[in-house]
Amino acid sequence: MPSSPLESVEFVVKHYNLAVTFACGQAFRWRQSGGAWEGVIGSRWVRLRQEEDCISAESFAPADWLWLRHYLQLDVSLEEIVATFPQDPAMLAAVSHCCGMRLLRQEPWECLASFICSSTKQVVQIQQMTALLSSRFGDPLPVGEGSAAAFSFPTAARIAAATEAELRACKLGFRAPYLLGAARALDAGKIDLSRLAELPLDEARAMLIELPGVGVKIADCVLLFAYGFQRAFPVDVWIRRALREIYFPKRRPKPARILKFSQSYFGPHSGYAQQYLFHYMRTSRGRSRRSA
DNA sequence: GGCCAGGCGCGTA
DNA sequence: TACGCGCATGGC
C-alpha cells in the first residue's frame with residue numbers, strides 16, 4: 001500500500017485533446033481505462049480525465065504539479081502554433097482531423113529507448129515492447145485503486161546491465177543490440193542526455209546519431225518529443241508518403257529535395273505540423289498504400 | 001500467405 | 001548521393 005495519500009488537481013485548458021495526444025504515436029505507455037488515461041511520468045503513476053476544457057489528475061505525493069504541467073505542456077498556446085502552419089488544403093484537413101492534438105515533453109531516455117524500438121514496428125507493437133521492458137526491468141509504483149500494475153521505465157543503467165537475450169525476450173528482435181549498445185554508451189557517460197537541450201538542433205542531432213541504432217529519424221523524434229526542438233522533423237514512411245502524394249504528386253523527388261522542402265515549408269513549428277500530418281495520414285486517408 | 005510497420009547499418013554503384 | 005538488402009516479429 002502506498003504510504004502517501006492519493007491527491008488530485010484540476011487544470012482548465014483550452015484546445016487540448018488528451019485522447020488524440022496520447023494515441024498519436026509520440027508516447028507509448030498511456031492506457032485508457034474506463035473514461036480515464038493511466039500512465040507513468042518519471043517515477044509517478046498518474047490518472048487523467050478530461051471533460052471539455054478541464055483536465056483532472058490524480059497522483060501520489062505530487063508535491064506541486066509543475067512536473068505534470070511541463071509534461072503535458074499546458075502553458076503552450078496551441079492556437080498560436082497552428083496559426084504558423086502553412087494554410088494549404090492538406091494541412092487544414094490535418095488540423096481539423098487532429099483537433100486539440102499536443103506535443104508532450106517526455107523524459108529523454110524513455111523517449112530515446114522507445115524510438116530505438118520503433119524501427120519497422122507498428123505503434124501497437126512499440127507499446128508492447130515498452131510495456132515488457134518496464135514490467136521486467138522497471139520498478140513497481142503505487143497505483144490508484146482498481147488500476148493495473150505500473151512500473152517506472154527502466155534506467156539506462158538498468159538496461160545496460162541486462163543481456164541481449166533478455167532484451168530479445170521483450171520482443172525487441174534485431175533492435176535488442178541497438179538498445180543495449182545505446183544504454184551502455186549512456187551509462188558509460190559517452191553522451192549526457194541532460195545537456196542536449198542547451199545545444200543547437202544540428203549539434204544535438206549529431207550527438208544522438210552517435211548512438212547505435214539511432215539515425216536521423218529516431219534522433220528527430222527524440223529532439224521533438226523529449227526536448228521540444230520545434231524544427232525537428234522526423235521523416236518516416238508515413239511522412240515521406242504524405243510529402244510525395246500531397247506536395248510532389250507529379251514527380252518522384254529525391255531524398256535531398258524532400259529534406260529541403262520539409263525544412264523550409266512548414267514554418268517555425270514544423271515538428272508540430274509533421275505530427276499533425278503523421279496522425280492524419282495514419283488515421284484518415286492513408287490506409288491505401290498502393291501509391292507509395 | 002503476403003505485405004507492411006514512426007529504420008538502421010552496411011555494401012555497392 | 002542514392003539504392004538495396006538483412007535484420008525479427010506481429011497485425012491486418
Side-chain angles (χ1 to χ4, degrees), chain A residues 20-30 94 98 101 103-104 106 108 110-133 163-185 205-227 229 232-245 248 251-262 266 270-292:
Chain A
V20 177
T21 297
F22 288 155
C24 73
Q26 61 177 317
F28 304 99
R29 298 220 294 141
W30 289 96
C98 310
M101 190 179 78
L103 293 189
L104 302 167
Q106 299 178 54
E110 176 172 347
C111 187
L112 173 62
S114 299
F115 279 97
I116 288 175
C117 293
S118 74
S119 296
T120 61
K121 281 292 181 187
Q122 297 177 8
V123 170
V124 289
Q125 295 169 305
I126 305 167
Q127 292 170 340
Q128 185 178 33
M129 287 186 276
T130 52
L132 283 168
L133 287 170
T163 66
E164 184 179 321
E166 287 176 312
L167 298 185
R168 284 181 184 271
C170 296
K171 306 197 176 190
L172 264 65
F174 64 82
R175 304 152 197 84
Y178 292 155
L179 182 62
L180 190 57
R184 289 181 175 171
R205 182 188 292 120
M207 296 280 283
L208 282 175
I209 63 179
E210 294 283 312
L211 295 168
V214 181
V216 171
K217 189 271 169 182
I218 288 176
D220 276 4
C221 284
V222 177
L223 293 169
L224 182 62
F225 301 139
Y227 292 94
F229 281 95
F233 194 98
V235 178
D236 73 326
V237 290
W238 290 97
I239 289 295
R240 185 171 295 110
R241 185 180 306 137
L243 295 181
R244 283 177 178 169
E245 288 183 9
F248 300 92
R251 58 191 190 279
R252 189 180 180 86
K254 293 177 179 177
R257 182 74 188 92
I258 292 262
L259 178 65
K260 189 175 180 183
F261 176 78
S262 70
F266 292 97
S270 55
Y272 237 103
Q274 171 277 148
Q275 194 63 14
Y276 273 78
L277 273 183
F278 173 77
H279 188 62
Y280 174 55
M281 291 296 289
R282 286 210 323 130
T283 57
S284 69
R285 55 179 293 274
R287 311 305 291 182
S288 79
R289 286 144 189 167
R290 274 183 290 274
S291 58

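Numbered from 1 within each chain, the chains take letters A, B, ... in sequence-line order.
- One N or O donor and one acceptor, one from the side chain of A:Q275 and one from the base of B:dG6, sit under 3.5 Å apart.
- Residues A:F28 and A:F115 bring their aromatic ring centres within 6.0 Å.
- Taking atom CG of A:L180 as the reference point, atom P of B:dC8 lies 18 Å away to the nearest angstrom.
- A:Q125 contributes no side-chain N or O that forms a donor-acceptor pair with the base of B:dG6 under 3.5 Å.
- Contact of A:K121 with C:dT9 (side chain to base): a donor-acceptor pair of N or O atoms is detected under 3.5 Å.
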Might you list the N or O atoms of the protein lying below 3.5 Å from N or O atoms in nucleotides 10-13 of chain B, with each pair's distance?
none

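- Look at A:R241 and you'll find a side-chain N or O under 4.0 angstrom from OP1 or OP2 of B:dA5.
- With hydrogens and angles disregarded, no donor-acceptor distance shorter than 3.5 Å links the side chain of A:R257 to the backbone of A:K254.
- Regarding A:L179, its CG atom lies at a distance of 15 Å from the C1' atom of B:dG7, rounded to whole Å.
- When the C1' atom is compared between C:dG10 and B:dG1, the two are found 14 Å apart, to the nearest whole Å.
- Counting non-hydrogen atoms under 4.0 angstrom, A:G25 reaches a base of the nucleic acid.
- With B:dG6, C:dG10, C:dA2 as the choices, the nucleotide that has an atom nearest any side-chain atom of A:Q128 turns out to be C:dG10.
- Listed by residue number, the members of residues 163-173 of chain A with any heavy atom below 4.0 angstrom from DNA chain C are A:R168, A:K171, A:G173.
- In this structure, A:I239 reaches the bases: a heavy-atom distance under 4.0 Å links it to at least one base atom across the strands shown.
- Where A:I126 and A:V214 each meet DNA chain B at their nearest nucleotide, the meeting point lying more 5' is that of A:I126.
- Aromatic stacking is marked for A:F278 over B:dG6, as both cut-offs hold: 5.5 Å for the centres and 30° for the planes.
- Ring geometry for A:F229 versus A:Y227: interplanar angle of 30 to 60°, hence tilted.
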Apply side-chain hydrogen bond (donor to acceptor under 3.5 Å, both in side chains) to A:R240 and A:S262, showing your working.
CA-CA 10 Å; A:R240 185 171 295 110; A:S262 70; over 6 Å; no
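- Side-chain N or O atoms of A:S284 include none that pairs as donor or acceptor with a backbone N or O of A:M281 at under 3.5 Å.
- Among the atoms of the strands shown, none is found under 4.0 Å from any heavy atom of A:I209.
- Looking at which nucleotide of DNA chain C each of A:V124 and A:T120 is closest to, the 5′-most match is held by A:T120.
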Show me the side-chain donor-acceptor pairs of residues 205-222 of chain A shorter than 3.5 Å, one per line, residues at least two apart or across chains.
from	atom 1	to	atom 2	distance (Å)
A:R205	NE	A:D220	OD1	2.7
A:R205	NH1	A:D202	OD1	3.0
A:R205	NH2	A:D220	OD1	3.2

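- No contact: A:V235 has no heavy atom under 4.0 Å from any strand.
- Among the atoms of the strands shown, only primed sugar atoms or phosphate atoms (P, OP1, OP2) are found under 4.0 Å from some heavy atom of A:S118.
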A:L104 vs A:F22, test: side-chain contact (heavy atoms from CB on, under 4.5 Å). Steps then yes/no.
CA-CA 9 Å; A:L104 302 167; A:F22 288 155; 4.0 Å; yes
